[in-house]
Q: 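Pasting a structure here, questions to come.
Heavy-atom basis, side chains included; hydrogens, waters and symmetry copies ignored.
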Amino acid sequence: MSAGTALAVEGIEAGYGGAVVLHGVTVAVPAGTITAVLGANGAGKTTLLRTVSGMVRPRAGRIVAGGADVTGRRPEQISRAGVAHVPEGQGVIAELTVEENLRLGGLNRRHAERAAGLADAYARFPVLERRRGLPAGTLSGGERQVLVIARALMSRPRVLLLDEPSLGLAPRVVAQVMGLVRSLREESGLSVLLVEQNARSALSIADTGIVLNLGRVVAAAPAADLAADVSLRRHYLGF
């Protein structure tokens, strides 16, 4: 892993029960960049993120985050190593308020750090401050997606794993969410591993990308090169 790499996944094999989903997957996320993981449903994209964050234990290979080998560690240990995972599905706790949801993201921080994190969240996302006392279930789909990203940022990660942030959102809201992800990279130097079914949107903000097919990497290149490859797009990306 080079000094400029925030996250390195090296030859990972992983799956569920007796089924192997990922076959020797390798991907590097340079510090301060967005790396898109693309492919059809069932390609292994979500399994890759779940393996990096410790929700799925790898059978082979190595995962290095911030210079530390986190292979096979528990999710809370990987979180403390600076990796935050936002699963697909806008997973807010609907009965809790916006602020209570945010505070959950900072449970592993000291009181002063949580207070600073809340202040940062409200400064960055004014819509959340306006709704801080409302149940999270009253938010729109786009607002919920903002909330789960803001909650992940409460742990002060260096690497953000984002799984399908555009899922179920209207095109206008998708553009706003993608703009938010890009601004996080530009303003704070956050490194992002972005899984996204909407390949066109993902490539519009990513620096580099990989394409998975049946758990194997079939392409890895700068995002602009992937977007320009007509054959690759037709076979694997659907646009």
Side-chain angles (χ1 to χ4, degrees), residues 4-9 25 27-41 43-46 48-49 52-53 65 82-91 120-121 124-128 140-153 156-212 217-230 232-234 236-239:
T5 302
L7 175 70
V9 177
V25 171
V27 57
V29 181
T33 68
I34 299 172
T35 299
V37 182
L38 310 171
N41 288 332
K45 304 186 300 297
T46 290
L48 174 60
L49 293 198
V52 171
S53 67
V83 179
H85 183 189
V86 179
E88 64 178 307
Q90 302 166 14
D120 288 347
R124 183 184 292 276
F125 309 113
V127 64
L128 299 183
S140 68
E143 291 167 345
R144 291 187 187 199
Q145 191 62 65
V146 170
L147 176 56
V148 294
I149 292 173
R151 185 175 63 193
L153 296 178
R156 301 295 177 92
R158 293 183 295 275
V159 178
L160 183 65
L161 311 177
L162 267 180
D163 195 354
E164 300 281 10
S166 74
L167 187 67
L169 301 181
R172 176 182 58 82
V173 182
V174 170
Q176 293 172 349
V177 170
M178 291 298 172
L180 165 61
V181 176
R182 178 165 48 195
S183 71
L184 291 173
R185 184 273 311 273
E186 293 173 348
E187 296 171 10
S188 62
L190 189 67
S191 306
V192 181
L193 186 60
L194 169 66
V195 160
E196 184 52 68
Q197 188 70 26
N198 188 331
R200 189 191 301 272
S201 291
L203 291 173
S204 73
I205 65 167
D207 300 284
T208 59
I210 68 167
V211 180
L212 292 181
V217 177
V218 295
D225 293 349
L226 294 177
D229 189 327
V230 176
L232 184 78
R233 284 164 38 195
R234 288 176 177 170
Y236 300 111
L237 303 182
F239 76 97

Q: Given 3.5 Å as the limit, does a donor-acceptor pair link the side chain of S140 with the main chain of E143, or not?
A: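 Side chain of S140 to backbone of E143, a donor-acceptor pair under 3.5 Å: yes, one is there.
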Q: Do any N or O atoms from the side chain of S201 and from the backbone of N198 form a donor-acceptor pair under 3.5 angstrom?
A: no
Q: Can you tell me if S191 uses its side chain to pair, donor with acceptor, with the backbone of G32 under 3.5 Å?
A: yes
Q: Going through the checks in order, is the side chain to side chain contact (heavy atoms under 4.5 Å, CB included) test met by V195 and L193?
A: CA-CA 7 Å; V195 160; L193 186 60; 5.8 Å; no
Q: I want to check something: taking the side chain as every heavy atom from C-beta on, are L180 and F125 in contact at a cut-off of under 4.5 Å?
A: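 Yes, close enough: below the 4.5 Å cut-off.
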Q: Work out which heavy atom in L161 is nearest to a heavy atom in S53; give both atom names and the distance.
A: CD1-CB, 3.9 Å
Q: Looking only at heavy atoms, what is the nearest atom pair of A152 and L160, with distance?
A: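 Closest approach of A152 to L160: CB-CD1, 3.9 Å.
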Q: Show your reasoning for whether side chain to side chain contact (heavy atoms under 4.5 Å, CB included) applies to Q197 and N41.
A: CA-CA 8 Å; Q197 188 70 26; N41 288 332; 3.1 Å; yes
Q: Side-chain contact test, heavy atoms from C-beta onward, threshold under 4.5 Å: evaluate it for L38 versus L212 and give yes or no.
A: no
Q: Only one of Q145, E164, R151 clears side chain to side chain contact (heavy atoms under 4.5 Å, CB included) with V86; which?
A: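 Among the candidates, only Q145 passes.
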Q: Show the nearest heavy-atom pair for residues V159 and L190, with the distance to one decimal.
A: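 Nearest pair, atom of V159 first, then L190: N-CD1, 4.2 Å.
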Q: If I compare all heavy atoms of L48 with all of V27, which pair ends up nearest, and what's the gap?
A: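 Closest heavy-atom pair between L48 and V27: CD2-CG1, 4.5 Å.
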Q: Do V192 and L184 come within less than 4.5 Å of each other through their side chains, counting heavy atoms only?
A: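 V192 vs L184: side chains apart.
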Q: Examine distances only and state if a side-chain atom of R233 and a backbone atom of F239 form a donor-acceptor pair shorter than 3.5 Å.
A: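 Such a contact is found between R233 side chain and F239 backbone.
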Q: Looking only at heavy atoms, what is the nearest atom pair of L226 and I210, with distance?
A: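 Shortest heavy-atom separation between L226 and I210 comes out as CD1-N, 4.3 Å.
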Q: Working to the nearest 0.5 angstrom, can you tell me the gap between R182 CZ and L194 CG?
A: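 Those atoms lie 12.0 Å apart.
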Q: Assess the residue pair L237 and V211 against the criterion (side chain to side chain contact (heavy atoms under 4.5 Å, CB included)); give the C-alpha distance rounded to whole Å, side-chain angles, the decisive distance to 0.1 Å, and a yes or no.
A: CA-CA 8 Å; L237 303 182; V211 180; 4.1 Å; yes
Q: Which heavy atom of A28 sits nearest a heavy atom of T5, and at what distance?
A: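 Smallest interatomic distance, heavy atoms only, reads CB-CG2, 4.2 Å.
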Q: Does any N or O in the side chain of Q176 come within less than 3.5 Å of the main-chain N or O of G142, such that one atom is a donor and the other an acceptor?
A: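 Checked: no pair found.
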Q: Does the side chain of T35 reach to within under 4.5 Å of the side chain of D207, using non-hydrogen atoms?
A: no
Q: Working note: S188 + R124, criterion side chain to side chain contact (heavy atoms under 4.5 Å, CB included); need CA distance, chi angles, decisive distance, verdict.
A: CA-CA 11 Å; S188 62; R124 183 184 292 276; 4.2 Å; yes
Q: Does either side chain, that of D163 or that of T46, offer a donor lying less than 3.5 Å from an acceptor on the other one?
A: yes
Q: Would you mind checking if K45 and E196 are paired as a salt bridge, meaning a charged N to carboxylate O distance below 4.0 Å?
A: no
Q: Check this for me, if you would: do R156 and D120 make a salt bridge, where the nitrogen-to-carboxylate-oxygen distance has to be below 4.0 angstrom?
A: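 Answer for the salt bridge query: yes.
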